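Computed over heavy atoms, backbone and side chain alike; hydrogens, waters and symmetry mates excluded. In what follows, chains are A, B, ... by sequence order, proteins preceding strands, each numbered from 1. If you're wondering where the values come from, they're calculated on a predicted model, not measured in any experiment.
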There are 2 protein chains.
Amino acid sequence: MKAMNQKIDNRLELRNIRPTAMRQLVYDVLDKNKKALSLYEIEQQFEDVDRSTIFRTLKTFQDNYLIHSIDDGTGAVKYALCDEECTCQPDDLHIHFLCTKCGQTNCLKNMPVPKMDLPQGFSFESANFVIKGICSICRK
Amino acid sequence: MKAMNQKIDNRLELRNIRPTAMRQLVYDVLDKNKKALSLYEIEQQFEDVDRSTIFRTLKTFQDNYLIHSIDDGTGAVKYALCDEECTCQPDDLHIHFLCTKCGQTNCLKNMPVPKMDLPQGFSFESANFVIKGICSICRK
DNA sequence: GTAACTTTGCAATACTGTTGCACAATCTTT
DNA sequence: AAAGATTGTGCAACAGTATTGCAAAGTTAC
Ligand SMILES: [Mn+2]
Ligand SMILES: [Mn+2]
Ligand SMILES: [Zn+2]
Ligand SMILES: [Zn+2]
(Lines give C-alpha, C1' and ligand atoms only; values in the text may rest on other atoms or scores of the structure.)
(Ligands and ions follow the chains in the order given, each with its own letter.)
Protein backbone atom coordinates (compact mmCIF):
# COMPACT_ATOMS: atom_id res chain seq x y z
CA MET A 1 0.00 0.00 0.00
CA LYS A 2 2.70 2.40 0.96
CA ALA A 3 4.63 1.45 -2.14
CA MET A 4 1.68 2.09 -4.40
CA ASN A 5 1.00 5.48 -2.90
CA GLN A 6 4.63 6.27 -3.33
CA LYS A 7 4.43 5.36 -7.00
CA ILE A 8 1.33 7.50 -7.49
CA ASP A 9 2.89 10.40 -5.68
CA ASN A 10 5.87 10.20 -7.96
CA ARG A 11 3.74 10.28 -11.06
CA LEU A 12 1.86 13.29 -9.77
CA GLU A 13 4.94 15.16 -8.68
CA LEU A 14 6.68 14.54 -11.99
CA ARG A 15 3.81 16.55 -13.47
CA ASN A 16 4.00 19.22 -10.79
CA ILE A 17 0.72 18.18 -9.21
CA ARG A 18 0.55 18.21 -5.45
CA PRO A 19 -0.47 14.72 -4.33
CA THR A 20 -3.58 15.27 -2.27
CA ALA A 21 -5.71 12.36 -1.09
CA MET A 22 -8.36 13.14 -3.69
CA ARG A 23 -5.85 13.18 -6.51
CA GLN A 24 -4.27 9.93 -5.41
CA LEU A 25 -7.68 8.30 -5.45
CA VAL A 26 -8.65 9.61 -8.88
CA TYR A 27 -5.29 8.63 -10.30
CA ASP A 28 -5.69 5.19 -8.83
CA VAL A 29 -9.10 4.71 -10.41
CA LEU A 30 -7.80 5.71 -13.83
CA ASP A 31 -4.78 3.47 -13.38
CA LYS A 32 -6.71 0.38 -12.34
CA ASN A 33 -9.43 0.57 -14.95
CA LYS A 34 -7.63 -0.11 -18.18
CA LYS A 35 -10.01 2.00 -20.21
CA ALA A 36 -11.12 5.60 -20.58
CA LEU A 37 -13.63 6.76 -17.98
CA SER A 38 -16.15 9.57 -17.90
CA LEU A 39 -16.53 11.98 -15.02
CA TYR A 40 -19.69 10.17 -14.04
CA GLU A 41 -18.04 6.77 -14.15
CA ILE A 42 -15.24 7.98 -11.93
CA GLU A 43 -17.75 9.48 -9.53
CA GLN A 44 -19.48 6.09 -9.28
CA GLN A 45 -16.34 4.46 -7.96
CA PHE A 46 -16.42 6.54 -4.80
CA GLU A 47 -18.87 6.72 -1.95
CA ASP A 48 -18.96 10.36 -1.12
CA VAL A 49 -16.85 12.49 -3.34
CA ASP A 50 -18.16 15.65 -4.93
CA ARG A 51 -18.43 15.75 -8.68
CA SER A 52 -16.97 19.22 -9.00
CA THR A 53 -13.91 18.17 -7.06
CA ILE A 54 -13.35 15.29 -9.46
CA PHE A 55 -14.02 17.65 -12.34
CA ARG A 56 -11.35 20.06 -11.15
CA THR A 57 -8.98 17.22 -10.40
CA LEU A 58 -9.35 16.00 -13.98
CA LYS A 59 -8.80 19.51 -15.25
CA THR A 60 -5.61 19.80 -13.26
CA PHE A 61 -4.47 16.41 -14.54
CA GLN A 62 -5.18 17.37 -18.11
CA ASP A 63 -3.54 20.78 -17.86
CA ASN A 64 -0.40 19.01 -16.73
CA TYR A 65 -0.46 16.24 -19.32
CA LEU A 66 -1.10 13.46 -16.83
CA ILE A 67 -4.28 12.46 -18.66
CA HIS A 68 -5.85 13.12 -22.03
CA SER A 69 -9.52 13.42 -22.89
CA ILE A 70 -11.48 11.62 -25.58
CA ASP A 71 -14.75 12.73 -27.10
CA ASP A 72 -16.17 9.46 -28.36
CA GLY A 73 -19.56 10.86 -29.32
CA THR A 74 -21.46 9.26 -26.46
CA GLY A 75 -22.14 12.64 -24.91
CA ALA A 76 -19.71 12.37 -22.03
CA VAL A 77 -16.02 13.14 -22.38
CA LYS A 78 -13.79 10.31 -21.21
CA TYR A 79 -10.35 10.42 -19.64
CA ALA A 80 -7.35 8.12 -19.73
CA LEU A 81 -3.84 8.23 -18.34
CA CYS A 82 -1.09 9.48 -20.60
CA ASP A 83 2.15 7.60 -21.03
CA GLU A 84 5.03 8.73 -18.89
CA GLU A 85 6.75 10.60 -21.70
CA CYS A 86 3.56 12.09 -23.17
CA THR A 87 3.22 15.80 -23.68
CA CYS A 88 -0.03 15.60 -25.64
CA GLN A 89 1.71 16.86 -28.76
CA PRO A 90 0.74 15.67 -32.28
CA ASP A 91 3.18 12.77 -32.07
CA ASP A 92 1.52 11.50 -28.92
CA LEU A 93 -1.94 11.30 -30.49
CA HIS A 94 -3.41 7.85 -30.94
CA ILE A 95 -6.65 6.37 -32.15
CA HIS A 96 -9.46 5.48 -29.73
CA PHE A 97 -11.98 2.71 -30.05
CA LEU A 98 -15.57 2.85 -28.85
CA CYS A 99 -17.38 -0.46 -28.59
CA THR A 100 -20.99 0.06 -29.61
CA LYS A 101 -22.02 -2.99 -27.62
CA CYS A 102 -20.43 -2.53 -24.20
CA GLY A 103 -19.86 1.20 -24.51
CA GLN A 104 -16.26 0.99 -23.39
CA THR A 105 -13.68 3.29 -24.90
CA ASN A 106 -10.09 2.14 -25.20
CA CYS A 107 -6.84 3.78 -26.11
CA LEU A 108 -5.17 2.15 -29.10
CA LYS A 109 -1.81 3.45 -28.01
CA ASN A 110 0.12 1.65 -30.71
CA MET A 111 -2.03 3.19 -33.44
CA PRO A 112 -0.90 6.76 -33.94
CA VAL A 113 -3.28 9.17 -35.63
CA PRO A 114 -2.11 9.21 -39.27
CA LYS A 115 -0.71 12.49 -40.51
CA MET A 116 -2.85 13.79 -43.33
CA ASP A 117 -2.00 16.36 -45.97
CA LEU A 118 -4.44 19.17 -45.38
CA PRO A 119 -5.71 21.44 -48.16
CA GLN A 120 -3.68 24.55 -48.92
CA GLY A 121 -3.87 27.12 -46.14
CA PHE A 122 -4.97 24.77 -43.36
CA SER A 123 -2.66 24.10 -40.43
CA PHE A 124 -2.69 21.18 -38.02
CA GLU A 125 -2.90 21.55 -34.26
CA SER A 126 -4.56 18.43 -32.96
CA ALA A 127 -6.90 15.61 -33.90
CA ASN A 128 -9.57 13.31 -32.53
CA PHE A 129 -9.90 9.96 -34.29
CA VAL A 130 -12.44 7.58 -32.83
CA ILE A 131 -13.33 4.28 -34.44
CA LYS A 132 -16.62 2.65 -33.52
CA GLY A 133 -17.32 -1.06 -33.72
CA ILE A 134 -17.31 -4.22 -31.64
CA CYS A 135 -14.45 -4.83 -29.25
CA SER A 136 -12.59 -8.11 -28.88
CA ILE A 137 -14.35 -8.97 -25.64
CA CYS A 138 -17.87 -8.44 -27.00
CA ARG A 139 -16.93 -10.20 -30.24
CA LYS A 140 -16.36 -13.55 -28.55
CA MET B 1 -37.74 30.67 -56.44
CA LYS B 2 -40.00 28.05 -57.78
CA ALA B 3 -37.04 26.33 -59.40
CA MET B 4 -35.12 26.22 -56.15
CA ASN B 5 -38.01 24.80 -54.21
CA GLN B 6 -38.40 22.24 -56.92
CA LYS B 7 -34.76 21.27 -56.56
CA ILE B 8 -35.07 21.00 -52.81
CA ASP B 9 -38.24 18.97 -53.08
CA ASN B 10 -36.50 16.58 -55.41
CA ARG B 11 -33.62 16.08 -53.01
CA LEU B 12 -36.05 15.43 -50.18
CA GLU B 13 -38.23 13.07 -52.14
CA LEU B 14 -35.27 11.10 -53.40
CA ARG B 15 -34.67 10.31 -49.73
CA ASN B 16 -38.34 9.55 -49.07
CA ILE B 17 -38.82 12.66 -46.99
CA ARG B 18 -42.04 14.54 -47.47
CA PRO B 19 -41.19 18.14 -48.38
CA THR B 20 -42.91 20.24 -45.74
CA ALA B 21 -42.23 23.96 -45.44
CA MET B 22 -40.10 23.41 -42.37
CA ARG B 23 -37.98 20.80 -44.07
CA GLN B 24 -37.46 22.94 -47.13
CA LEU B 25 -36.25 25.76 -44.94
CA VAL B 26 -33.85 23.63 -42.93
CA TYR B 27 -32.49 22.03 -46.07
CA ASP B 28 -32.00 25.45 -47.60
CA VAL B 29 -30.04 26.70 -44.58
CA LEU B 30 -27.75 23.69 -44.70
CA ASP B 31 -27.34 24.08 -48.44
CA LYS B 32 -26.50 27.78 -48.39
CA ASN B 33 -24.05 27.69 -45.53
CA LYS B 34 -21.14 25.74 -46.90
CA LYS B 35 -20.19 24.38 -43.49
CA ALA B 36 -21.51 22.13 -40.77
CA LEU B 37 -24.06 23.75 -38.46
CA SER B 38 -25.25 22.94 -34.97
CA LEU B 39 -28.88 22.74 -33.96
CA TYR B 40 -28.48 26.07 -32.22
CA GLU B 41 -26.89 27.72 -35.23
CA ILE B 42 -29.69 26.55 -37.46
CA GLU B 43 -32.23 27.81 -34.96
CA GLN B 44 -30.56 31.24 -35.09
CA GLN B 45 -31.23 31.54 -38.78
CA PHE B 46 -34.97 31.61 -38.25
CA GLU B 47 -37.23 34.03 -36.50
CA ASP B 48 -39.78 31.82 -34.88
CA VAL B 49 -39.16 28.17 -35.34
CA ASP B 50 -39.23 25.74 -32.48
CA ARG B 51 -36.02 23.99 -31.57
CA SER B 52 -37.64 20.61 -31.17
CA THR B 53 -39.09 20.83 -34.65
CA ILE B 54 -35.66 21.51 -36.08
CA PHE B 55 -34.30 18.72 -33.93
CA ARG B 56 -36.79 16.26 -35.31
CA THR B 57 -36.28 17.53 -38.83
CA LEU B 58 -32.56 16.87 -38.48
CA LYS B 59 -33.28 13.43 -37.10
CA THR B 60 -35.46 12.63 -40.08
CA PHE B 61 -32.80 13.93 -42.44
CA GLN B 62 -30.12 11.86 -40.79
CA ASP B 63 -32.22 8.71 -40.64
CA ASN B 64 -32.65 9.01 -44.39
CA TYR B 65 -29.02 9.81 -45.22
CA LEU B 66 -29.72 13.33 -46.37
CA ILE B 67 -27.31 14.74 -43.79
CA HIS B 68 -24.57 13.39 -41.56
CA SER B 69 -23.56 14.54 -38.10
CA ILE B 70 -20.13 15.52 -36.83
CA ASP B 71 -19.00 15.58 -33.24
CA ASP B 72 -16.15 18.06 -33.35
CA GLY B 73 -15.60 18.20 -29.61
CA THR B 74 -17.08 21.66 -29.14
CA GLY B 75 -19.99 20.24 -27.21
CA ALA B 76 -22.63 20.64 -29.90
CA VAL B 77 -23.13 18.13 -32.68
CA LYS B 78 -23.00 19.69 -36.14
CA TYR B 79 -24.79 18.67 -39.32
CA ALA B 80 -23.90 18.87 -43.00
CA LEU B 81 -25.54 17.75 -46.22
CA CYS B 82 -24.50 14.41 -47.65
CA ASP B 83 -23.54 14.00 -51.27
CA GLU B 84 -26.26 12.80 -53.58
CA GLU B 85 -24.96 9.23 -53.71
CA CYS B 86 -24.09 9.01 -50.01
CA THR B 87 -25.45 6.22 -47.86
CA CYS B 88 -23.31 7.03 -44.82
CA GLN B 89 -21.45 3.76 -45.20
CA PRO B 90 -17.75 3.40 -44.30
CA ASP B 91 -16.72 4.40 -47.84
CA ASP B 92 -18.62 7.66 -47.55
CA LEU B 93 -16.80 8.75 -44.41
CA HIS B 94 -14.54 11.76 -44.70
CA ILE B 95 -12.40 13.85 -42.42
CA HIS B 96 -13.74 17.02 -40.80
CA PHE B 97 -11.82 20.12 -39.88
CA LEU B 98 -12.54 22.36 -36.90
CA CYS B 99 -10.92 25.79 -36.95
CA THR B 100 -9.90 26.69 -33.42
CA LYS B 101 -10.01 30.37 -34.29
CA CYS B 102 -13.37 30.89 -36.00
CA GLY B 103 -15.00 27.73 -34.67
CA GLN B 104 -16.27 26.66 -38.07
CA THR B 105 -16.37 23.00 -38.97
CA ASN B 106 -15.94 21.94 -42.59
CA CYS B 107 -16.31 18.71 -44.46
CA LEU B 108 -13.11 17.65 -46.19
CA LYS B 109 -15.06 15.57 -48.64
CA ASN B 110 -12.05 14.65 -50.74
CA MET B 111 -10.25 13.27 -47.71
CA PRO B 112 -11.70 9.86 -46.87
CA VAL B 113 -11.18 8.49 -43.40
CA PRO B 114 -8.20 6.14 -43.79
CA LYS B 115 -8.91 2.48 -43.21
CA MET B 116 -6.89 1.26 -40.27
CA ASP B 117 -5.94 -2.28 -39.34
CA LEU B 118 -7.58 -2.85 -36.00
CA PRO B 119 -6.16 -5.19 -33.35
CA GLN B 120 -7.23 -8.82 -33.48
CA GLY B 121 -10.88 -9.29 -32.57
CA PHE B 122 -12.01 -5.71 -33.19
CA SER B 123 -14.46 -4.96 -35.97
CA PHE B 124 -15.10 -1.68 -37.73
CA GLU B 125 -18.50 -0.04 -37.99
CA SER B 126 -17.91 3.66 -38.27
CA ALA B 127 -15.44 6.41 -37.46
CA ASN B 128 -15.19 10.06 -36.49
CA PHE B 129 -11.97 11.81 -37.51
CA VAL B 130 -11.78 15.49 -36.71
CA ILE B 131 -8.66 17.55 -37.27
CA LYS B 132 -8.30 20.80 -35.34
CA GLY B 133 -6.21 23.74 -36.47
CA ILE B 134 -6.45 27.03 -38.32
CA CYS B 135 -8.54 27.22 -41.47
CA SER B 136 -7.43 28.86 -44.68
CA ILE B 137 -9.60 31.92 -44.10
CA CYS B 138 -8.32 32.61 -40.59
CA ARG B 139 -4.77 31.89 -41.70
CA LYS B 140 -4.64 34.82 -44.10
C1' DG C 1 1.41 30.94 15.28
C1' DT C 2 -0.23 33.81 11.63
C1' DA C 3 -0.93 35.03 6.99
C1' DA C 4 -1.15 33.55 2.23
C1' DC C 5 -2.34 30.21 -0.81
C1' DT C 6 -4.57 25.91 -2.41
C1' DT C 7 -8.05 22.46 -2.33
C1' DT C 8 -12.58 20.82 -1.40
C1' DG C 9 -17.77 20.60 -0.83
C1' DC C 10 -22.07 22.46 -1.71
C1' DA C 11 -25.30 24.66 -4.31
C1' DA C 12 -26.63 26.87 -8.15
C1' DT C 13 -26.47 27.52 -13.08
C1' DA C 14 -25.54 26.91 -18.16
C1' DC C 15 -25.86 24.39 -22.16
C1' DT C 16 -27.27 20.83 -25.24
C1' DG C 17 -30.26 17.35 -26.33
C1' DT C 18 -34.74 14.84 -25.80
C1' DT C 19 -39.64 13.65 -24.86
C1' DG C 20 -44.97 13.90 -23.89
C1' DC C 21 -48.78 15.74 -25.38
C1' DA C 22 -52.26 18.31 -27.79
C1' DC C 23 -53.38 20.62 -31.87
C1' DA C 24 -52.74 21.40 -36.87
C1' DA C 25 -51.87 19.82 -41.34
C1' DT C 26 -51.88 16.36 -44.74
C1' DC C 27 -53.12 12.11 -46.80
C1' DT C 28 -56.33 8.08 -47.61
C1' DT C 29 -60.52 6.04 -48.03
C1' DT C 30 -65.14 6.06 -48.76
C1' DA D 1 -66.40 16.29 -50.13
C1' DA D 2 -66.43 14.30 -45.53
C1' DA D 3 -64.55 11.23 -42.18
C1' DG D 4 -60.92 8.87 -40.36
C1' DA D 5 -56.01 7.79 -40.18
C1' DT D 6 -51.47 9.38 -40.30
C1' DT D 7 -47.86 12.67 -39.97
C1' DG D 8 -45.83 17.08 -38.55
C1' DT D 9 -45.44 21.02 -35.41
C1' DG D 10 -45.29 23.97 -31.17
C1' DC D 11 -45.04 24.29 -26.42
C1' DA D 12 -43.45 23.03 -22.19
C1' DA D 13 -41.14 20.24 -19.35
C1' DC D 14 -37.24 17.36 -18.39
C1' DA D 15 -32.64 14.84 -18.60
C1' DG D 16 -27.74 14.62 -18.83
C1' DT D 17 -23.37 16.71 -18.74
C1' DA D 18 -20.38 20.42 -17.81
C1' DT D 19 -19.15 24.49 -15.21
C1' DT D 20 -18.92 28.26 -11.74
C1' DG D 21 -19.23 31.22 -7.16
C1' DC D 22 -18.42 31.07 -2.74
C1' DA D 23 -17.18 29.82 1.82
C1' DA D 24 -14.99 26.47 4.71
C1' DA D 25 -11.13 23.37 5.35
C1' DG D 26 -6.54 22.18 4.62
C1' DT D 27 -1.71 23.19 3.51
C1' DT D 28 2.47 25.88 3.01
C1' DA D 29 5.57 29.75 3.86
C1' DC D 30 7.20 32.99 6.89
MN1 LIG E 1 -5.93 7.49 -25.28
MN1 LIG F 1 -18.99 15.96 -43.63
ZN1 LIG G 1 -17.29 -4.20 -26.17
ZN1 LIG H 1 -11.21 29.61 -39.21
Side-chain angles (χ1 to χ4, degrees), chain A residues 5 8-9 12-13 15-30 36-64 66-80 98 103 105 128 130, chain B residues 5 8-9 12-13 15-30 36-64 66-80 98 103 105 128 130:
Chain A
N5 283 338
I8 292 178
D9 287 2
L12 294 177
E13 277 161 359
R15 300 292 187 168
N16 292 309
I17 298 165
R18 295 221 305 247
T20 67
M22 192 67 245
R23 289 166 178 174
Q24 291 167 339
L25 289 170
V26 172
Y27 183 97
D28 197 38
V29 165
L30 289 170
L37 296 174
S38 68
L39 174 55
Y40 179 76
E41 288 169 326
I42 296 168
E43 192 185 0
Q44 291 304 301
Q45 308 218 6
F46 298 110
E47 286 279 311
D48 267 322
V49 179
D50 189 71
R51 190 179 329 137
S52 64
T53 302
I54 302 175
F55 172 77
R56 285 188 268 230
T57 297
L58 292 170
K59 180 151 190 349
T60 299
F61 283 6
Q62 189 167 9
D63 288 347
N64 293 282
L66 184 64
I67 63 175
H68 57 280
S69 61
I70 307 114
D71 186 338
D72 62 8
T74 55
V77 176
K78 291 177 181 169
Y79 303 89
L98 166 65
T105 297
N128 183 41
V130 177
Chain B
N5 283 337
I8 292 177
D9 286 3
L12 294 176
E13 276 160 358
R15 299 293 187 167
N16 292 308
I17 298 164
R18 294 220 306 247
T20 68
M22 193 67 245
R23 289 165 179 175
Q24 291 166 339
L25 289 170
V26 172
Y27 182 97
D28 196 38
V29 164
L30 289 170
L37 295 175
S38 69
L39 174 54
Y40 180 77
E41 289 169 326
I42 296 169
E43 192 184 1
Q44 292 303 304
Q45 307 218 7
F46 299 111
E47 285 278 310
D48 267 322
V49 179
D50 190 70
R51 189 181 330 141
S52 65
T53 303
I54 303 175
F55 172 76
R56 284 186 271 227
T57 297
L58 292 170
K59 183 155 190 347
T60 300
F61 283 4
Q62 189 166 11
D63 288 347
N64 292 283
L66 184 64
I67 63 175
H68 58 279
S69 61
I70 307 115
D71 186 337
D72 63 9
T74 55
V77 176
K78 291 178 181 168
Y79 303 90
L98 166 66
T105 297
N128 182 41
V130 176

Specify the separation, in whole Å, of atom [atom1] of [X] and atom [atom2] of [N].
X       : N      : atom1 : atom2 : value
B/Arg51 : D/dA15 : CZ    : P     : 16 Å
A/Gln62 : D/dA18 : CD    : C1'   : 13 Å
A/Ile54 : C/dT7  : CD1   : P     : 16 Å
A/Lys59 : D/dT19 : NZ    : P     : 9 Å
B/Leu58 : C/dT19 : CG    : P     : 14 Å

Nucleotide N/O to protein N/O under 3.5 Å, stretch nucleotides 20-23 of chain C:
| from | atom 1 | to | atom 2 | distance (Å) |
| --- | --- | --- | --- | --- |
| C/dG20 | O6 | B/Arg56 | NH2 | 3.1 |

What's the closest nucleotide to the [X] side chain, out of [options]?
X       : options               : result
B/Phe55 : C/dG9, D/dT20, C/dG17 : C/dG17
B/Thr57 : D/dT9, C/dG9, D/dT17  : D/dT9
A/Val49 : C/dG9, C/dT16, D/dC11 : C/dG9

Sequence neighbours excluded - salt bridge (Lys or Arg N to Asp or Glu O under 4.0 Å) pairs with any residue from residues 37-46 of chain B:
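Salt bridge (Lys or Arg N to Asp or Glu O under 4.0 Å) check on residues 37-46 of chain B returns B/Glu43-B/Arg51.
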Just wondering, do [Y] and [X] contact through their side chains at under 4.5 Å, heavy atoms?
X       : Y       : answer
A/Leu39 : A/Ile54 : yes
B/Tyr27 : B/Ile17 : no
A/Leu12 : A/Thr60 : no

Is it the case that the side chain of B/Asp72 and the backbone of B/Thr74 share a donor-acceptor pair, with hydrogens and angles ignored and the cut-off at 3.5 Å?
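Checking the backbone N and O of B/Thr74 against the side chain of B/Asp72, a donor-acceptor pair under 3.5 Å is found.
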Could you work out, with side-chain hydrogen bond (donor to acceptor under 3.5 Å, both in side chains) as the rule, every residue matching [X], not counting sequence neighbours?
X        : answer
A/Asp63  : A/Lys59
A/Gln24  : A/Asp9
B/Asn128 : none
B/Asp50  : B/Ser52

Near DNA chain D, under 4.0 Å by heavy atom, which residues of residues 37-48 of chain B?
none
Residues of residues 17-25 of chain B with a heavy atom under 4.0 Å from any atom of DNA chain D, listed by number, are B/Arg18, B/Thr20, B/Met22, B/Arg23
Taking all heavy atoms of A/Ser38 and all of A/Lys78, pick out the closest pair and write down the distance.
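What the structure gives for the nearest pair is N-CG, 3.8 Å.
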Which atom pair, heavy atoms only, marks the closest approach of A/Val77 to A/Ser69?
CG1-CB, 3.6 Å
For A/Thr57, check side-chain contact (heavy atoms from CB on, under 4.5 Å) against everything at least two apart and list the hits.
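In terms of side-chain contact (heavy atoms from CB on, under 4.5 Å), with neighbours along the sequence ignored, A/Thr57 is linked to A/Met22, A/Arg23, A/Val26, A/Thr53, A/Phe61.
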side-chain contact (heavy atoms from CB on, under 4.5 Å) with A/Asn16: which residues, sequence neighbours excluded?
none
If you assign each of A/Lys78 and B/Asp50 to its closest nucleotide in DNA chain D, which residue comes earlier from the 5' end?
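Checking each residue's closest nucleotide, the 5'-ward one belongs to B/Asp50.
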For the helix from C/dG1-D/dC30 to C/dT30-D/dA1, what is the angle between the axes at its two ends, each from 5 pairs, rounded to 10°?
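The end-segment axes of the helix from C/dG1-D/dC30 to C/dT30-D/dA1 are tilted 20° relative to each other.
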Salt bridge (Lys or Arg N to Asp or Glu O under 4.0 Å) with A/Arg18: which residues, sequence neighbours excluded?
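Listed in chain order: nothing, the list is empty.
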